[in-house]
Structures are given as C-alpha cells and as structure tokens.
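Below is one structure; the comments refer to it alone.
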There are 2 protein chains.
Amino acid sequence: MTPSDGEPLPEDYSRRLGGAALGARLRRLSEAIDGDATRAYAALDVTFEQRWFGVLNQLSLNGPLTVGELAARLRITHVSVSQTRASLEKAGLAQTTADPDDARRRRLSLTPAGQGLVSRLRPLWQALEGAALELDAEAQAVTAALDRLEDALARRSLYQRVLDRLET
Amino acid sequence: MTPSDGEPLPEDYSRRLGGAALGARLRRLSEAIDGDATRAYAALDVTFEQRWFGVLNQLSLNGPLTVGELAARLRITHVSVSQTRASLEKAGLAQTTADPDDARRRRLSLTPAGQGLVSRLRPLWQALEGAALELDAEAQAVTAALDRLEDALARRSLYQRVLDRLET
DNA sequence: TCATAATCTGTAGGCACCTACATATATGTC
DNA sequence: GACATATATGTAGGTGCCTACAGATTATGA
C-alpha cells in the first residue's frame, strides 16, 4: 500500500498537528517534489542525482568555487557538498584543482562533460522553474511563506521557542 | 564549516531557484525543524526517535491500528510504518496482536511503557504545538500555504506539469 | 618563532524516508 | 474447490541530508 493509491483518503492527521508534525509535513512535501523531479529526469533518459543540481548550477553560473563557498551558498553542510563533489567527480562532471594560495581548499569546476550536461538540462530546469512558478501562483505564494518561516526560525529557533515554553 | 556559523551570509541561492531547488528548500527546512525537535527531546533526557511521533500519537488517540491504516493516516508508505513498528516494538513501546479476521494484518497498540512515554511527552508535544502556532502566526500562515501546495500537487503533480511544459 | 588556535575538507555512521521486490493471506471466478 | 488476482506486510538496498570526529594547512600572539 502506497500513500497515494486509496480511494477516499482518510483524514490527513499531519495537517492537524502543526507542532511535532511540521517537520514531517515538510519532509513529505520535499520528497513528493524531488521524487517528481527524479521521474522527470528519468523520462528524459538522463542519469542525474538530485543532489547534483545545486553544485552544478552554481558552478555553471559562477565558475569555480570551493567546497566551503558552495556550502554557504546552498545552505547545506560542507560535508554534503564534499560527498556531492565526490559523486560528481566519479561521474566525470566536475574536477578539482588545487588552490595556489591555500592548500586546504579545493576549487571545483565543471568538466566539458559537466558543461554538456548542464546545457542539455537547461530546458528541463526551465520547465521545472515554470512549473514551480505555476504552483506558487496556484497555491498563493508558498515560497514567500517559506521565506518568512526561514526568517522567523533564524530570529529564534524552534528549539529556543520550545525551551522557553517549557520553562514557564 | 556549518551552514549557520558565518558572519554575513552570502546570498541564499536556493531562494532564487524556485523550480529545481524547491524540494531542497523544503528538505532543508524540515531538517532544521526536526533537528530542533530532536534537541528538545535530548534536553529533557528522553530517548526518542522523531519517526515514532506519528505512530505513537495515533495509537494514543485512536487505540489499536494496523500498519496500513497508520500509513494512510500519516501519508507515508507502509514500509516506513513497518520499520517504525519494529523500532517501537524493540523499544518496548508498542506491541502487535494478530487480527482475528485477517491473518495478514497486524494490529498495533501501545504497551504500558508506551502509554507512559506518551504521558511524559505530552507537555513537550504541547510546547512544540505552541511554538509551531507561534511560528505560523509570525510567518503569516505558512501551514495554510503548505495545505494549498499539497492540494495543488494533488490536482496535478509536478511531474505532469513539467512534462506538459516540455512537450510544447 | 613556535606553540596554539582557527579554518578547510574528509570519513564514518546515522536518520527518516523511499522504491523494488518477496511472502503470506484473502477474494473472486470458472 | 482450484487457481489467478488482489491485499497486507516485510526485507534489501538507496537517497540526500545530518552530526561527530579527524587530518591537514594557515593564521595568531606571546
């Protein structure tokens, strides 16, 4: 049984439980979305891992960047970038050159194959972008709402808010 | 380097890229949220896995339910419920009884230890709920926006929308 | 100048899901 | 009543992140 097969769906309890289930709801949505994106790549017969997108896109827009720079831009850990880098290198899509000023750093850049893949994917990325804008309009500014949520969390984390409540 | 340590943060590119990065944004947010929830359990010295919440909560509200029923209510796969069930049983928090009408089904119910844990966690769950409502107000109805996004995706999936765009 | 601290990247292992496939039981049809 | 099909659950293995820790290099200051 999958979550999307039944006839009349039972009540969606995760909608009622804003608190402890908010994370679960967001995860569910993110899985639905990049599951669909994955299917789109497959439909075009392109071998592609979702996690490649951020790095590939940044490198194609900005030229070489270090692991740390990519992590900061994409708001993920350097560890995740490092793993993606390894995967991209293994796939022959990106390469590493030593930074002449600092031997700790690795400058990542696209290989010709990487550039080729990016070009081939542009139409799909544009379709995804268009579909996302359409969804955003249809759902009346979800992304703006997400921005506000991120900002609110940056002001005071959920953890802090919960602790404050437990103390009183 | 972590994503939340630097001084002035560089531009957050994931906000610009609605399309291919929407899934990533949602995932990032969900990780922030249930990371914080995990820290809250740890602060109270409670051994707790995030994934237990949905099942535990449903069982405490509704009494025994089967794996499939839980999956439908929580909008996750039966596989995920099955794994959570195993984990809950191992932790002594839930138990399985055979369904007299259908030997394929497993009815899950809370053990006394499970009920005890739920009681002890109620205050925390309420604090989480309160914090989520506060966040929702501060971010001006994010959850309503998420509802609308889910509904829009249910009407026509991202996959379908992307394919339609690629065909024209 | 040289020990100490800070910074950059990497490895190991974990988490909460997922898909693909397998097994056991139930149902419908001839 | 036997057999194909549908349903309920489970196992194996994968995904894209994460934290904790470790190694290498650079910057700082006594």
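Below, each value reflects all heavy atoms present in this structure, side chains not excepted, and no hydrogens, waters or symmetry copies. Proteins get letters first, then strands, A, B, ... in listed order; numbering begins at 1 in each. If you're wondering where the values come from, they're calculated on a predicted model, not measured in any experiment.
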Distance-only check: which donor-acceptor pairs under 3.5 Å involve side-chain atoms of residues 39-47 of chain B, not counting sequence neighbours?
from, atom 1, to, atom 2, distance (Å)
R39(B), NE, D36(B), OD1, 3.4
R39(B), NH2, D36(B), OD1, 2.8
Y41(B), OH, W125(B), NE1, 2.8

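- Between R105(B) and D34(A), the residue anchored nearer the 5' end of DNA chain D, judged by the nucleotide with its closest heavy atom, is R105(B).
- Qualifying side-chain contact (heavy atoms from CB on, under 4.5 Å) partners for S60(A), counting only residues two or more places apart in sequence or in other chains: N57(A), L110(A), V118(A), R122(A).
- Rounded to whole Å, the distance from CD on E31(B) to P on dG16(D) is 12 Å.
- Here Q83(A) lies in heavy-atom contact (under 4.0 Å) with a base.
- In this entry the distance linking CG of L88(B) with C1' of dA16(C) reads 13 Å, nearest Å.
- Residues that satisfy the salt bridge (charged side-chain N to carboxylate O under 4.0 Å, His left out) test with E89(A), not counting sequence neighbours, are R85(A), R106(A).
- For dT9(D), neither phosphate oxygen OP1 nor OP2 lies less than 4.0 angstrom from any side-chain nitrogen or oxygen of S82(B).
- Mapping V67(B) and T84(A) onto DNA chain D by nearest heavy atom places V67(B) closer to the 5' end of the strand.
- T66(A) comes within 4.0 angstrom of the backbone, heavy atoms only, and of no base.
- Put simply, R27(A) has no side-chain N or O that comes within less than 4.0 Å of OP1 or OP2 on dC15(C).
- Atom pair R39(B):CZ and dC15(C):C1' shows a separation of 14 Å (rounding to whole Å applied).
- Under the salt bridge (charged side-chain N to carboxylate O under 4.0 Å, His left out) criterion, R105(B) pairs with D99(B), D102(B), sequence neighbours left out.
- When rounded to the nearest whole Å, the span between CZ of R75(A) and P of dC18(D) equals 12 Å.
- Remark: C1' of dT9(C) and CG of L108(A) are 11 Å apart, rounded to the nearest angstrom.
- Here dT19(D) presents its P atom at 18 Å from OH of Y41(B), a figure rounded to the nearest Å.
- One can place CZ of F53(A) at 17 Å from C1' of dC17(D), the figure rounded to the nearest angstrom.
- Scanning all heavy atoms of the two residues, the minimum distance from R73(A) to L65(A) falls at NH1-CD2, 3.7 Å.
- Closest contact between the side chain of T77(A) and the listed nucleotides dC17(D), dG10(C), dC18(D) involves dC18(D).
- The main-chain N or O of Q83(B) is never found under 3.5 Å from a side-chain atom of S87(B) such that the two would form a donor-acceptor pair.
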Contact list (N/O, under 3.5 angstrom) for nucleotides 21-28 of chain D vs protein:
from, atom 1, to, atom 2, distance (Å)
dT25(D), O2, R104(A), NH1, 3.2
dT26(D), OP1, A103(A), N, 3.0

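- Each of F48(B) and V81(A) has a nearest nucleotide on DNA chain C; the 5'-most of these lies closest to V81(A).
- Following rounding to the nearest Å, Q50(A) (CD) and dC17(D) (C1') show an atom-to-atom distance of 13 Å.
- The salt bridge (charged side-chain N to carboxylate O under 4.0 Å, His left out) test applied to E134(B) returns R156(A), R161(A), R165(A), not counting sequence neighbours.
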